[in-house]
Amino acid sequence: MTENTARVALVTGATSGIGLSVARLLASQGHKVFIGARNAENVTETVKQLQGEGLEADGSALDVTDADSVKAFVQAAVDRFGTVDVLVNNAGRSGGGVTADIEDELWDAVIDTNLNSVFRVTREVLNTGGMRHKDRGRIINIASTAGKQGVVLGAPYSASKHGVVGFTKALGNELAPTGITVNAVCPGYVETPMAQRVRQGYAAAYSTSEDAILEKFQSKIPLGRYSTPDEVAGLVGYLASDTAASITAQALNVCGGLGNF
Ligand code: NAI
């Protein structure tokens with residue numbers, strides 16, 4: 001990190017996949033990183049792992065769908081490391097199917113986990129986290145290329161991620177004069193536990209094998225392969241830096257060419 005003082009970064013859903021890579025990268029850049037995910041044991045394990053790598057990290061259990069949990073999480077981060085400079089809204093879930101058959105519960109759960117949570121955590125960080133009183137801040141939302149293009153059998157997911165992109169652009173414009181930037185990072189296909197679950201879902205929907213689905217997906221990506229969590233984290237790390245001060249209200253892809261806008 002080019003800055004002199006260590007900054008405080010919050011990463012949601014950081015026990016796995018992209019969130020874990022982001023937490024590790026931000027900590028290696030000199031941030032004090034506070035992580036959250038639903039399973040407290042996984043959080044403890046991940047914190048231990050990061051600390052074992054010589055990184056400054058701590059965390060607590062967090063359910064981004066629960067307002068009280070979000071408040072307690074942000075307060076715990078402030079108590080531990082101080083007010084928040086960087087927020088990475090990463091926690092998310094997959095979910096979809098034949099739209100005519102989707103139950104309210106699934107629709108609501110996907111929208112709540114992926115979209116309402118981004119508003120909920122961001123508002124808490126601006127207030128309890130103290131960010132609204134700073135002259136510099138970074139809010140980075142992990143959306144998806146599915147937030148720009150429609151995904152077949154993924155209507156709730158696609159709708160939620162389009163919502164995240166819209167929220168990002170509106171808040172980015174709103175906060176631009178304050179020195180707080182707000183951006184979305186849009187991964188395409190990234191090899192994580194979620195990606196495996198997604199392939200399982202499509203294999204079942206199309207009565208085929210997970211390998212066949214993998215091949216089909218890879219053939220759609222100009223680069224010919226999934227991106228890695230570290231490649232996504234790299235852009236998050238850049239957006240968190242001082243050099244990225246003039247990048248705001250954007251939705252930037254990390255997708256091997258899958259999306260063009
Ligand atoms: P993952 O399933 O490996 O990790 C998701 C993380 O979010 C886990 O730590 C999980 O505990 C946490 N989480 C889920 N629900 C939560 C809740 N209610 N409260 C707190 N934490 C919760 O997934 P992955 O692939 O690393 O995804 C991370 C983000 O990237 C998600 O927002 C996802 O939509 C997005 N994304 C992933 C892509 C992929 O191909 N893997 C592509 C595009 C976007």
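Along the sequence shown, the residues carry numbers beginning at 1. Order of listing sets the numbers, starting from 1, for every ligand and every atom in it.
Within 4.0 Å of ligand 1, counting heavy atoms only, the contacting residues are Gly13, Ala14, Thr15, Ser16, Gly17, Ile18, Ala37, Arg38, Leu62, Asp63, Val64, Thr65, Asn90, Ala91, Gly92, Thr113, Ile142, Ala143, Ser144, Tyr157, Lys161, Pro187, Gly188, Tyr189, Val190, Thr192, Pro193, Met194, Arg197.
The aromatic rings of Tyr226 and Tyr189 sit tilted, their planes meeting at an angle between 30° and 60°.
Under the 4.5 Å side-chain heavy-atom criterion for ILVMFWY residues, no single connected hydrophobic cluster contains both Leu252 and Val182.
Between Asp211 and Ser209, the side chains place no donor N or O within less than 3.5 Å of an acceptor N or O (distance only, hydrogens not considered). Side chains of Ser21 and Asp230: a donor-acceptor N/O pair is present below 3.5 angstrom, by distance only.
Ser241 places a side-chain N or O within donor-acceptor distance of the main-chain N or O of Tyr238, the cut-off being under 3.5 Å.
Listed by chain and residue number, nothing satisfies the side-chain hydrogen bond (donor to acceptor under 3.5 Å, both in side chains) test with Thr181 (two or more places apart in sequence, or in another chain).
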